[in-house]
Every structure is written in structure tokens, then in C-alpha cells.
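Take a look at the structure below.
Order of appearance sets the numbers: ligands from 1, and atoms from 1 within every ligand.
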Amino acid sequence: MWKILFSGLILMYTIYSALPELCTSVTPINNHNVLFVTAHPDDEVMFFGPLLRYTLNPKWNNTVNLLCLSTGDADGQGEVRVKELGYAAYMVGLPPANVSVVDEPALQDSMDAQWDPSVVSEVVAKYAKEFDSSIFITFDDYGVSGHPNHIAVSKGVEKYANEAAVPGDELLVVQLQSVPIYRKYLFVIDAAFSRILDIMDGRGTVFSGQTDYHRVRQAMTSGHKSQMTWFRYLYVSFSRYMIANSGNGWPR
Ligand SMILES: *[C@@H]1O[C@H](CO)[C@@H](O)[C@H](O)[C@H]1NC(C)=O
Ligand SMILES: *[C@@H]1O[C@H](CO)[C@@H](O)[C@H](O)[C@H]1NC(C)=O
């Protein structure tokens with residue numbers, strides 16, 4: 001029984017991974033200064049891996065930066081986690097110098113902390129100016145898991161983009177679509193399914209092939225070592241965010 005299930009998954013994965021070029025049929029994100037904005041070290045590979053690998057592909061001529069708004073110090077491990085973020089970034093192909101980690105008293109990693117979107121927006125403004133960012137990639141208003149820090153980041157980036165936009169020079173915000181829980185762990189099955197949904201509602205989705213998937217997976221398992229509990233091994237094996245990212249607000 002398990003053998004059949006496992007073989008089926010491997011077969012589907014093999015077929016699917018031969019096709020990402022075909023499946024990823026969206027308006028490209030190219031010639032942009034891309035700024036990923038996340039809340040905690042490890043968000044970038046747990047949720048945004050496919051988009052990171054996609055925007056970093058040299059053929060798209062992007063300059064990529066990552067802004068992480070906290071050190072992930074909820075369990076007092078902030079220092080370790082910031083270091084791990086550097087390794088993980090390096091493993092996915094983002095130079096550690098292109099990673100900025102913010103340690104603001106008003107933005108500390110906690111399920112109970114309500115980050116003020118205005119503070120987020122101010123911090124984002126500072127970095128967006130430094131990097132001359134033209135497109136922002138961040139969470140949507142559910143923030144993948146409903147974590148309040150993720151949601152505040154989404155609101156703050158949106159606020160900044162609205163305020164900083166000048167007519168004729170809009171700032172694009174691509175928000176990572178949160179999928180319902182029943183789709184979250186369907187891996188390739190969901191990835192194939194979402195392609196159909198996207199065609200219907202005009203959303204953009206990028207898929208990772210095997211190489212990209214394995215790089216992101218390794219960035220999580222050996223980069224963010226301190227975070228690797230048994231359930232995160234399940235996560236990196238079954239979460240659809242490891243192989244497919246759908247974005248609302250995709251450039252047209
Ligand atoms: C790469 O992107 C930059 C803008 O970020 C643009 O100025 C440059 O012309 C692009 N290069 C190519 C080869 O398209
Ligand atoms: C990292 O940042 C530097 C300086 O802004 C930039 O020239 C380079 O293209 C970035 N690297 C990537 C992979 O985007």
C-alpha cells in the first residue's frame with residue numbers, strides 16, 4: 001500500500017518536474033529590483049522558495065534583496081536564526097549581503113505581538129529607497145498560516161506601496177496566495193490543480209522543478225537547522241509552498 005502510494009507520488013513528481021517551464025506561464029517578473037519582505041528567518045524558504053528561485057534566475061535580469069523584519073527571537077534563538085538565514089540564502093543562490101535583518105523593539109517575533117503596519121511601512125520605506133525596489137513580494141492578508149506577524153507585514157508593505165506610488169510609476173506588490181488547509185499538503189497534486197485555477201482567475205503561479213525544489217529543501221534542512229523538528233521534515237516533503245507559489249497582484 002505505502003509502496004504504491006510512494007511510487008505514485010514519485011511518478012507524478014517526475015512527470016511534473018519535467019514540465020515547470022511549460023507550467024510556469026505567467027507574465028515574467030524581469031528587469032526589476034525585487035524586494036522580498038518576510039517576518040521571520042525561515043519564512044523565505046518555507047513559503048517563498050519557488051518565487052525566490054524564479055526571480056533569481058539570471059535569465060530574468062532581476063536584482064533581488066530580502067528584508068526580514070525580525071530576528072525570530074521568540075524562543076531566544078534570534079542570534080542563531082540570523083546566522084542560519086545567511087546560510088539558507090546562500091544555498092538558494094541569494095548572496096548573504098543581499099539579506100537585511102531588522103531588530104526593532106516594535107517588531108519582535110511573537111504570536112501575541114501586534115505589529116503596527118505603520119512601523120512596518122516605515123522600515124520597508126527605508127530599505128526600498130536604499131535598493132530602489134520596484135516590486136515587492138510578500139504575504140497576503142492571511143499570511144499562509146494566519147500568523148499575526150505575517151499579516152502585519154502584508155499590511156505594512158501594502159501601505160508603503162500605496163503611499164509611495166507616484167502616478168505613472170506604480171510599485172507592484174505580489175502577495176503570496178494562502179491556500180486553504182486542505183490544499184496545503186497536497187504537494188504536486190495541488191500544484192497541478194492550482195494551474196487550472198490560475199488560468200481561470202488570472203493569477204500568476206511559479207513552479208519549482210526538481211533542482212530548485214532540492215535547493216530550497218536543503219536551505220531549510222541544513223540552513224535553518226535549529227528549526228528542523230520532525231514535523232518540519234514532513235512540511236518540506238509535502239507542503240505545496242515548497243514547489244508552487246501563486247501570487248495575487250502579478251504584473252500583467
Ligand atoms: C536589466 O535590468 C535593468 C533594470 O533593473 C535594465 O536597466 C537593464 O537594461 C536590463 N538589462 C537587460 C539586458 O535587459
Ligand atoms: C545583490 O545585491 C547587489 C547590490 O545591490 C546586486 O548588484 C546583485 O545583483 C544582487 N544579487 C542578486 C542575485 O540579485
Side-chain angles (χ1 to χ4, degrees), residues 20-21 24-71 81-103 120-139 153 157 160-161 164-176 204-220 222-224 241-245 247 249-252:
E21 289 279 329
T24 306
S25 61
V26 290
T27 313
I29 293 176
N30 58 355
N31 305 335
H32 271 293
N33 290 334
V34 183
L35 185 62
F36 282 84
V37 189
T38 61
H40 317 112
D42 77 12
D43 290 349
E44 78 294 345
V45 289
M46 280 182 71
F47 311 128
F48 295 91
L51 271 165
L52 266 173
R53 291 293 303 155
Y54 174 85
T55 50
L56 282 167
N57 187 330
K59 93 171 168 194
W60 298 127
N61 179 40
N62 293 308
T63 299
V64 181
N65 278 281
L66 167 66
L67 173 61
C68 179
L69 290 179
S70 80
T71 61
R81 297 195 62 189
V82 170
K83 257 190 214 142
E84 290 177 341
L85 176 54
Y87 304 144
Y90 177 78
M91 286 181 205
V92 293
L94 183 66
N98 293 38
V99 179
S100 311
V101 183
V102 168
D103 189 6
V120 172
S121 163
E122 277 163 33
V123 174
V124 170
K126 182 176 147 221
Y127 288 88
K129 281 175 194 141
E130 181 181 336
F131 302 132
D132 193 20
S133 309
S134 51
I135 186 163
F136 300 81
I137 299 182
T138 191
F139 294 104
V153 169
V157 173
Y160 169 71
V166 287
D169 187 17
E170 273 176 45
L171 299 174
L172 287 168
V173 181
V174 172
Q175 297 189 331
L176 178 68
T205 297
V206 291
F207 295 95
S208 282
Q210 272 180 8
T211 317
D212 290 332
Y213 166 65
H214 285 292
R215 280 188 74 153
V216 173
R217 187 191 161 100
Q218 203 182 23
M220 185 63 201
S222 18
H224 290 290
Y241 295 101
M242 294 295 294
I243 53 166
N245 279 168
W250 204 274
R252 299 273 158 187

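- The closest donor-acceptor contact from the side chain of Asn245 to the backbone of Phe47 lies under 3.5 Å.
- Among protein heavy atoms, the minimum distance from atom 6 (C) of ligand 2 is reached at Thr63 CG2, 3.7 Å.
- Distances from atom 1 (C) of ligand 1 to the heavy atoms of Asn31, Asn33, Asp132, Asn61 put Asn61 nearest.
- Residue Val157 forms a side chain to side chain contact (heavy atoms under 4.5 Å, CB included) with just one option from Leu171, Val124, Ile137, Leu67, and that option is Val124.
- Inside a 4.0 Å radius of atom 4 (C) of ligand 2 there is not any protein heavy atom.
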Could you check Leu176 against Phe48 for side chain to side chain contact (heavy atoms under 4.5 Å, CB included), going step by step and ending with a plain yes or no? CA-CA 8 Å; Leu176 178 68; Phe48 295 91; 3.7 Å; yes
I would like to know whether Val120 and Val37 meet side chain to side chain contact (heavy atoms under 4.5 Å, CB included); could you show each step before the answer? CA-CA 10 Å; Val120 172; Val37 189; 5.5 Å; no
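- The proximity of Ala97 to ligand 2, defined as any non-hydrogen pair under 4.0 Å, does not occur for either the backbone or the side chain.
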What verdict does the side chain to side chain contact (heavy atoms under 4.5 Å, CB included) test give for Asn33 and Phe131, after you've listed the backbone C-alpha separation in whole Å, the side-chain angles of each residue and the deciding distance to 0.1 Å? CA-CA 7 Å; Asn33 290 334; Phe131 302 132; 5.6 Å; no
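- Heavy-atom distances between Leu56 and ligand 2 reach below 4.0 Å in at least one pair.
- Each of the atoms 12 (C), 14 (O) of ligand 2 lies under 4.0 Å from some heavy atom of Val64.
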Side chain to side chain contact (heavy atoms under 4.5 Å, CB included) evaluation trace for Phe36 with Leu52: CA-CA 8 Å; Phe36 282 84; Leu52 266 173; 3.6 Å; yes
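- The residue from Asn98, Val99, Val34 that puts a heavy atom closest to atom 12 (C) of ligand 2 is Asn98.
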